[in-house]
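To start, the structure under review is shown below, and the notes come after it.
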Amino acid sequence: MADTATPTKKQEIIAQAYDAFYDGGFHATGIDTVMANSGISKRTLYKYFPSKEDLIEAVLDQYGEDTDTYLFQPALARSGDPREQILALFDVRREMMERTCRGCLAMKAGQEYIGKHEGITARGRAASEYVEGRFIELCEKAGLANPLDTGRQIGLLFQGAALTAQMQQKPSVFETAKKAVHILLAA
């Protein structure tokens with residue numbers, strides 16, 4: 001999570017829940033587990049978040065902001081060439097997963113809550129569409145003949161690599177996905 005100079009109580013709760021949900025899952029992690037050792041009372045938690053689902057939505061909103069901060073900004077800073085930026089996204093995500101092979105929190109939420117809570121499912125879907133949209137945008141900047149299809153294909157490779165890396169605990173799958181991206185970019 002992003003650091004702030006003086007986090008508010010609400011931000012502290014989100015930070016506490018962020019890691020608890022990431023590590024334990026959403027359904028399997030209760031509010032007692034989220035707040036354990038935090039020094040924050042349930043009363044304070046419910047003041048800001050009337051339900052566990054409201055807290056999960058806030059965590060996913062933070063995750064979305066973190067995606068830009070920790071994934072897109074570093075990758076785009078590595079090169080001014082959109083094709084190289086696309087490849088750099090695979091490198092940055094691999095590096096992130098080498099540090100901690102946690103996968104995508106938004107995907108996890110979307111999978112756990114599909115058909116159960118539209119707000120949470122919508123955030124998972126929006127995160128996936130956002131990543132896809134960024135790849136489409138980079139394909140347009142690169143002047144590719146069919147940026148929409150190519151961006152979607154690259155997004156699928158990227159998100160598939162994230163899921164596979166998480167499930168197999170092998171961040172190296174991003175290198176395999178990058179080989180396919182090289183082929184798409186050369187077409």
Side-chain angles (χ1 to χ4, degrees), residues 18-19 21-28 56-57 59-79 81-187:
Y18 193 100
D19 288 326
F21 289 138
Y22 221 145
D23 294 334
F26 296 96
H27 282 99
I56 292 169
E57 288 177 342
V59 166
L60 293 174
D61 291 342
Q62 181 63 55
Y63 181 77
E65 292 175 27
D66 289 350
T67 298
D68 262 342
T69 302
Y70 298 114
L71 175 65
F72 284 102
Q73 290 177 17
L76 299 181
R78 290 185 180 189
S79 174
D81 177 7
R83 291 171 190 258
E84 292 300 319
Q85 290 173 331
I86 289 169
L87 296 170
L89 281 160
F90 284 78
D91 293 334
V92 170
R93 190 64 174 116
R94 177 187 42 79
E95 292 160 9
M96 291 169 70
M97 292 193 81
E98 285 172 348
R99 288 189 295 277
T100 174
C101 217
R102 290 169 120 181
C104 177
L105 189 63
M107 267 193 235
K108 289 179 183 186
Q111 290 167 337
E112 282 193 47
Y113 278 91
I114 196 157
K116 296 175 184 139
H117 190 280
E118 184 51 37
I120 294 170
T121 304
R123 281 171 172 78
R125 184 174 42 253
S128 176
E129 291 169 352
Y130 177 75
V131 170
E132 179 182 275
R134 294 295 300 262
F135 280 116
I136 292 168
E137 177 185 299
L138 288 168
C139 288
E140 288 170 350
K141 288 180 181 176
L144 298 179
N146 191 342
L148 181 65
D149 284 347
T150 305
R152 285 180 174 160
Q153 291 166 354
I154 293 170
L156 184 61
L157 286 166
F158 184 84
Q159 293 182 65
L163 184 59
T164 303
Q166 175 193 344
M167 295 304 299
Q168 295 180 5
Q169 296 292 290
K170 293 181 184 174
S172 62
V173 300
F174 281 95
E175 292 305 317
T176 303
K178 259 179 64 176
K179 289 177 184 176
V181 172
H182 278 286
I183 293 167
L184 289 171
L185 293 175

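Fair warning: this is a prediction, and the values are worked out from it, not measured in the lab. Nothing fancy with the numbering, it's 1 onward along the sequence.
One distance of note links SG of C139 with CG of L185; it measures 6.5 Å at 0.5 Å rounding. To the nearest 0.5 Å, the span separating CD on Q62 from OG1 on T67 amounts to 10.0 Å.
Judged as a salt bridge (Lys or Arg N to Asp or Glu O under 4.0 Å), and not counting sequence neighbours, the contacts of E95 are R78. Shown here are the salt bridge (Lys or Arg N to Asp or Glu O under 4.0 Å) partners of R123, two or more places apart in sequence or in another chain: E57, D61. With sequence neighbours excluded, the residues that form a side chain to side chain donor-acceptor pair (under 3.5 Å) with K178 are D91.
Not less than 6.0 angstrom separates the ring centroid of F21 from the ring centroid of Y63.
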>> Before you tell me yes or no, could you show the steps for L87 and E84 under side chain to side chain contact (heavy atoms under 4.5 Å, CB included), namely the whole-Å CA-CA distance, both residues' side-chain angles and the distance that decides it to 0.1 Å?
In response: CA-CA 5 Å; L87 296 170; E84 292 300 319; 4.3 Å; yes

> So L71 and R93, side chain to side chain contact (heavy atoms under 4.5 Å, CB included) or not? Walk me through it.
Replying inline: CA-CA 7 Å; L71 175 65; R93 190 64 174 116; 4.0 Å; yes

> Given Y130 and D68, is the side chain to side chain contact (heavy atoms under 4.5 Å, CB included) satisfied, shown in steps?
Replying inline: CA-CA 10 Å; Y130 177 75; D68 262 342; 2.7 Å; yes

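Of all the heavy atoms in D66 and Y18, the pair that sits closest is OD2-OH, 2.8 Å. Nearest heavy atom pair, residue L60 against residue A106, reads CD2-CA, 4.0 Å. When all heavy atoms of A162 and M107 are compared, the pair lying nearest together is CB-CE, 4.2 Å. For the residue pair S128 and Q159, the shortest heavy atom distance occurs at OG-OE1, 2.8 Å. Scanning all heavy atoms of the two residues, the minimum distance from P171 to R94 falls at O-CG, 3.3 Å. Listed here is the closest heavy atom pair of L138 and I86: CB-CG1, 3.7 Å.
The 12-atom threshold is not exceeded at CD1 of I114, counting heavy atoms of other residues, nucleotides or ligands nearer than 6.0 Å.
The shortest distance between side-chain heavy atoms of R102 and D19 falls below 4.5 Å. At a threshold of 4.5 Å between non-hydrogen side-chain atoms, the residues F26 and I120 do not count as touching. In this structure, I154 and F90 have side chains that are in contact, with non-hydrogen atoms separated by less than 4.5 Å. Under the 4.5 Å side-chain criterion, counting only non-hydrogen atoms from C-beta, F135 is in contact with L89. Side-chain contact check for H117 versus E112: every heavy-atom pair is 4.5 Å or farther apart. By the 4.5 Å heavy-atom criterion applied to side chains, L184 and L144 are not counted as neighbours.
Under a 4.0 Å N-O distance rule, the pair K170/E175 does not qualify as a salt bridge.
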